[in-house]
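In what follows, every heavy atom counts, from backbone to side chain, and hydrogens, waters and symmetry copies are set aside. Both counts, for ligands and for their atoms, begin at 1 and track the order of listing.
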Amino acid sequence: MKKIEAFIRPEKLEDIKEIMDELKLNGLSIMQVMGCGNQKGWTEFVRGAEVDYNFLTKIKIELFVTDDQSEAVISAITRRAYTGEYGDGKIFISDIQDAIRIRTGERGDDAIK
Ligand SMILES: Nc1ncnc2c1ncn2[C@@H]1O[C@H](COP(=O)(O)OP(=O)(O)OP(=O)(O)O)[C@@H](O)[C@H]1O
Ligand SMILES: [Mg+2]
């Protein structure tokens, strides 16, 4: 199993939700986060004064998927989140040891399928 954590632009959330049906995923979590990447936010002039906004609102999508599903999910998110501009986001992938569906006691892949 893999955990996929994707930081995306908030306006891309609707596009990303389509992945659920397309790839027959059974669950995901979405969080609104504040963050920055390489650009460390941006600078603006407010009434003549330079103001730094260090953190931008992003959406974090967290998904636990089977090893088989992982690459398809990653490429679907990448395709939909892309604009080509700074701040398109990032995807982090990690290995997951186990999962449990509390209602049934199912473990591993069975718990997330
Ligand atoms: N190393 C990181 N650790 C945790 N969160 C991160 C990291 N890098 C980026 N993020 C999250 O992803 C969001 C989007 O990052 P962003 O796309 O600006 O990354 P970047 O590395 O600056 O790439 P780009 O140059 O394309 O903008 C950030 O606002 C932050 O929430
Ligand atoms: Mg950036």
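For the ring-ring contact (aromatic ring centres under 6.0 Å, His included) condition, no pair includes a residue of residues 62-83, sequence neighbours left out.
Annotation: protein N, O or S atoms under 2.8 Å of the Mg ion (ligand 2) (waters excluded) comprise Q39 OE1.
The distance from atom OG1 of T78 to atom CD of E71, rounded to the nearest 0.5 Å, is 9.0 Å. Taken to the nearest 0.5 Å, the CZ atom of R80 stands 7.0 Å off from the CD1 atom of I16.
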When you look at D95 and K2, which way does the side-chain contact (heavy atoms from CB on, under 4.5 Å) test go after all the steps? CA-CA 5 Å; D95 284 319; K2 303 277 188 222; 2.4 Å; yes
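For Q32, the CD atom sits in a loose shell: 12 or fewer heavy atoms of surrounding residues, nucleotides or ligands are nearer than 6.0 Å.
A salt bridge between E22 and K17 is absent, with no side-chain N of the basic residue lying under 4.0 Å from a carboxylate O of the acidic one. A salt bridge is absent between K12 and E14: the closest approach of a Lys/Arg side-chain nitrogen to an acidic carboxylate oxygen does not fall below 4.0 angstrom.
The two residues V65 and S70 have their closest heavy-atom pair at CG2-CA, 3.8 Å.
With a 4.5 Å cut-off between side-chain heavy atoms of Ile, Leu, Val, Met, Phe, Trp and Tyr, the cluster of F7 takes in M31, V33, F92.
The contact shell of ligand 1, taken as protein residues with any non-hydrogen atom closer than 4.0 angstrom, comprises F7, G35, C36, G37, N38, Q39, K58, Y86, G87, D88, G89, K90, F92.
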